[in-house]
> 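Before we start, here is the structure in question, set down as structure tokens.
Computation of the quantities below employed the complete heavy-atom set of this structure, encompassing side-chain atoms and omitting hydrogens, waters and symmetry-equivalent molecules. Lettering follows sequence order; numbering is per chain, from 1. Computed from a prediction, not measured in an experiment: that's the story for all the values here.
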There are 2 protein chains.
Amino acid sequence: MTDKSKVVSIDGIKVACANCSLATLCLPYGLDAPDIERLESIIKRNKPIQRGHVIFAPGDRFRSLYVIKTGSVKTYTQTASGDEHVIGFHLPGELLGLDAIQDDAHGCFAKALETTALCELPFDKLEQLSTSIPSLQHQMLRLLSKEVSAEANMISLLNNSTAEERLASFLVGLSERFRRRGFSPTDFFLAMSRQDIGSYLGLALETVSRLFTRFQEHGILEVDRKHVKIRDFDRLKHMLKHHTACHSTLGQSS
Amino acid sequence: MTDKSKVVSIDGIKVACANCSLATLCLPYGLDAPDIERLESIIKRNKPIQRGHVIFAPGDRFRSLYVIKTGSVKTYTQTASGDEHVIGFHLPGELLGLDAIQDDAHGCFAKALETTALCELPFDKLEQLSTSIPSLQHQMLRLLSKEVSAEANMISLLNNSTAEERLASFLVGLSERFRRRGFSPTDFFLAMSRQDIGSYLGLALETVSRLFTRFQEHGILEVDRKHVKIRDFDRLKHMLKHHTACHSTLGQSS
DNA sequence: ACCTCGATTTGATCCAGATCAAAGACGCCA
DNA sequence: TGGCGTCTTTGATCTGGATCAAATCGAGGT
């Protein structure tokens, strides 16, 4: 690409947050135009990364939070023996790295599941900005708190659900997240493997595969490889026992 | 009690944070003396509550965070059919209610497991104070982040561990938390029932009971009802596969 | 068009821990 | 001091999902 195209891209980027369709899910939520501009001024926009690219790894010094602009990411840990434990899947508008604030170092891998664009937010600058923009501070706390709630729901799911309920919950959750982002809630591609889904839900990959087959047989889904169509959303929802969960400061911590 | 004793108690309370042995675990960490005083000025100190007292319940409007001063608390949800799912056990210095910041309402029950004293922090005032005390803001973010990490570890534990590993992890975690608080790390009382432990770890109460028996038979523990002595801490630790876990934004959220 | 390798599906078997059942043990209160 | 209700322990059985094993499918490379 020439200098010219570069300039255009930088220019397109300058107004990114204000125009970004993700703004209501993301950090700028609740900020007014001038404050959004201040926020934008600290954002680093790197070029998109390819499937398989590792964004950060355990032990990496924590410098920035990342927001996914397009694409998707999985976070996971790895045991000494080399097998992965998937912690989460992340869609556009979601923050990566929140757990690293705590001790100034990342504790897991983050890897792109497909071509992915990220907004990088240097944390020191973000924190500094928060002291002068109360609604940014509030939004930071809200996002952290949302993360805590989401994890508590996950814990509840793992503690009290069958394989069927877990997969149903996973699909309903994904569906809702896609909907909020303007994608079809009933027709989407899974960027991750059966293995990854199994690891995330605490199931063997064979179990995940069998469940997809069963859901299809029951007319709930139409599955073709990574492409999923939800045919009977209600039935899928009825599989979830209503986990309202909550949660704060469970063991191991402080 | 007479007015006089009330005055004394209020007086003793005034310097609480500065003298409190929990300060390094708690919100005041990293603040200087004048800032601690400002923080103290917003703290409400209610009288101690009895075992079984419910601090907040799902649907309650979120107004305050609570820090445990003495005693212990469990957080849990309840299904329509009435059974409890324990989310966490909380010791002195730990914050309750972090998950409620998100949507301004509590999502779970918090109940005292024994006589418990709490410091109540009205959240609007806390947030306001944070904008003028950067290190308080930082500490808030750190504590939220720590919660996220702790929950991620829990998820990892539930996904990848046997019953034995779960109980070992629970005991090691408790032990470390007691140690930091100046209690014996090898000789303590469990304020919660076998049922509660099972619910927290995703195990049947019978399994928890059998494991205590087995650990005792192997000379790892000495158990008498709720009193636990750790006889072979090393062996207990070796039962944990090193879950470094991590993470951020798993499903269901945003 | 063919080959290769990883991902997925499907089948058969096994087992950790759930569930069902009953018998202690303890604390509490009258 | 005894009776009652709750919590805990221990035993017997059952089962959802893991694990082992193999066949099949697809995508990318040559």
Side-chain angles (χ1 to χ4, degrees), chain A residues 50-52 74 76 79 81-86 111 113-115 157-170 189-218 221-228 239 241, chain B residues 50-52 74 76 79 81-86 111 113-115 157-170 189-218 221-228 239 241:
Chain A
Q50 293 304 306
R51 172 180 166 81
K74 73 170 172 181
Y76 61 98
T79 61
S81 47
D83 37 42
E84 292 183 4
H85 297 320
V86 173
K111 183 188 271 191
L113 287 168
E114 59 193 306
T115 302
L157 187 75
L158 294 173
N159 258 340
N160 314 107
S161 304
T162 63
E164 188 175 282
E165 286 161 350
R166 292 182 201 193
L167 189 62
S169 170
F170 172 67
F189 281 86
L190 300 172
M192 70 297 286
S193 69
R194 302 288 189 262
Q195 173 85 262
D196 285 339
I197 296 172
S199 173
Y200 175 62
L201 295 175
L203 301 171
L205 69 104
E206 294 93 329
T207 302
V208 174
S209 176
R210 276 183 250 270
L211 285 170
F212 273 122
T213 304
R214 173 147 35 116
F215 284 179
Q216 172 146 287
E217 281 166 2
H218 292 7
L221 298 180
E222 217 167 283
V223 186
D224 176 28
R225 196 103 174 127
K226 296 195 178 286
H227 180 206
V228 172
M239 287 183 180
K241 11 184 189 285
Chain B
Q50 294 303 306
R51 171 180 168 81
K74 74 169 169 179
Y76 61 98
T79 61
S81 46
D83 38 43
E84 292 183 4
H85 296 323
V86 174
K111 183 186 268 190
L113 287 168
E114 59 194 305
T115 302
L157 187 74
L158 294 173
N159 259 339
N160 313 109
S161 302
T162 63
E164 187 174 285
E165 285 161 352
R166 292 181 201 193
L167 189 62
S169 170
F170 173 68
F189 282 86
L190 299 173
M192 69 297 288
S193 69
R194 302 286 191 260
Q195 173 85 262
D196 285 340
I197 297 172
S199 173
Y200 175 62
L201 296 175
L203 302 171
L205 68 102
E206 293 94 330
T207 303
V208 173
S209 176
R210 276 183 248 269
L211 285 169
F212 273 122
T213 304
R214 175 153 25 122
F215 283 180
Q216 173 147 287
E217 282 167 1
H218 291 8
L221 298 180
E222 216 167 285
V223 185
D224 175 29
R225 195 101 175 131
K226 296 193 179 287
H227 180 203
V228 172
M239 287 183 181
K241 10 182 189 284

> I want to confirm an ordering. Mapping A/E164 and A/E206 to their closest nucleotides on DNA chain D, which one lands closer to the 5' end?
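Here A/E164 is the residue nearer the 5' end.
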> Is it true that B/Y76 and B/H85 have ring centroids separated by less than 6.0 Å?
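Judged by ring-centre distance (under 6.0 Å), B/Y76 and B/H85 do not meet the cut-off.
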> Under 3.5 Å, side chain of B/S199 to main-chain N/O of B/V86, donor-acceptor pair present?
yes
> Base, sugar-phosphate, or nothing: which does B/G202 touch, judged by heavy atoms less than 4.0 Å apart?
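Sugar-phosphate, backbone atoms only, no base.
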> Before giving the answer on side-chain contact (heavy atoms from CB on, under 4.5 Å), spell out for B/E165 and B/T162 the whole-Å C-alpha distance, their side-chain angles and the decisive distance to 0.1 Å.
CA-CA 5 Å; B/E165 285 161 352; B/T162 63; 3.5 Å; yes
> Would you say the base of C/dT19 and the side-chain of B/R210 have a donor-acceptor pair closer than 3.5 Å?
yes
> In whole Å, I'd like the distance from the CG atom of A/L167 to the P atom of C/dT9.
11 Å
> Find the distance A/D224:CG to C/dT8:P and express it as a whole number of Å.
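Taking CG of A/D224 and P of C/dT8, I get 12 Å after rounding.
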> Are the side chain of A/R194 and the backbone N or O of A/V208 linked by a donor-acceptor pair below 3.5 Å?
no
> Between A/L203 (CG) and D/dG16 (C1'), how many Å, whole number?
11 Å
> How long is the line joining CD1 of B/I197 and C1' of D/dC7, in whole Å?
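Interatomic distance, CD1 of B/I197 to C1' of D/dC7: 12 Å.
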> Identify, between B/Q195 and A/T207, the residue whose nearest nucleotide on DNA chain D lies closer to the 5' end.
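So the residue in question is B/Q195.
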> Would you indicate, yes or no, if C/dA25 has its OP1 or OP2 atom less than 4.0 angstrom from a side-chain nitrogen or oxygen of B/R225?
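No, outside the criterion.
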> Select one nucleotide: of C/dT8, C/dC26, D/dG17, the one nearest the side-chain heavy atoms of A/A163.
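It is D/dG17.
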> Quick one: B/L158 CG to C/dA16 P, roughly how many Å, whole number?
19 Å
> What contact category does B/A204 fall into here, base, sugar-phosphate, or nothing, at under 4.0 angstrom with non-hydrogen atoms?
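Answer is base: heavy atoms of B/A204 come under 4.0 Å of a base.
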> For the pair made of CG in A/L205 and C1' in C/dT10, what is the distance, rounded to whole Å?
12 Å
> Picking from B/K74, B/Q195, B/K111, what satisfies side-chain hydrogen bond (donor to acceptor under 3.5 Å, both in side chains) with B/E84?
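Answer to the side-chain hydrogen bond (donor to acceptor under 3.5 Å, both in side chains) test with B/E84 among B/K74, B/Q195, B/K111: B/K74.
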> Output the single nucleotide from C/dT8, D/dT9, D/dG17 whose closest atom is nearest the side chain of A/K226.
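Of the candidates, C/dT8 comes closest.
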> Could you check how far CZ of B/F212 sits from P of D/dT10, rounded to whole Å?
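Atom-to-atom, B/F212 to D/dT10, this comes out as 13 Å.
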> Quickly work out the B/L221 CG to D/dT8 P distance and round it to whole Å.
16 Å
> Check this one for me: any side-chain N or O of B/S193 less than 4.0 Å away from OP1 or OP2 of D/dT6?
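Answer is no, no contact under 4.0 Å.
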> Counting any heavy atom closer than 4.0 Å, what does A/S209 reach on the DNA or RNA strands: base, sugar-phosphate only, or nothing?
base
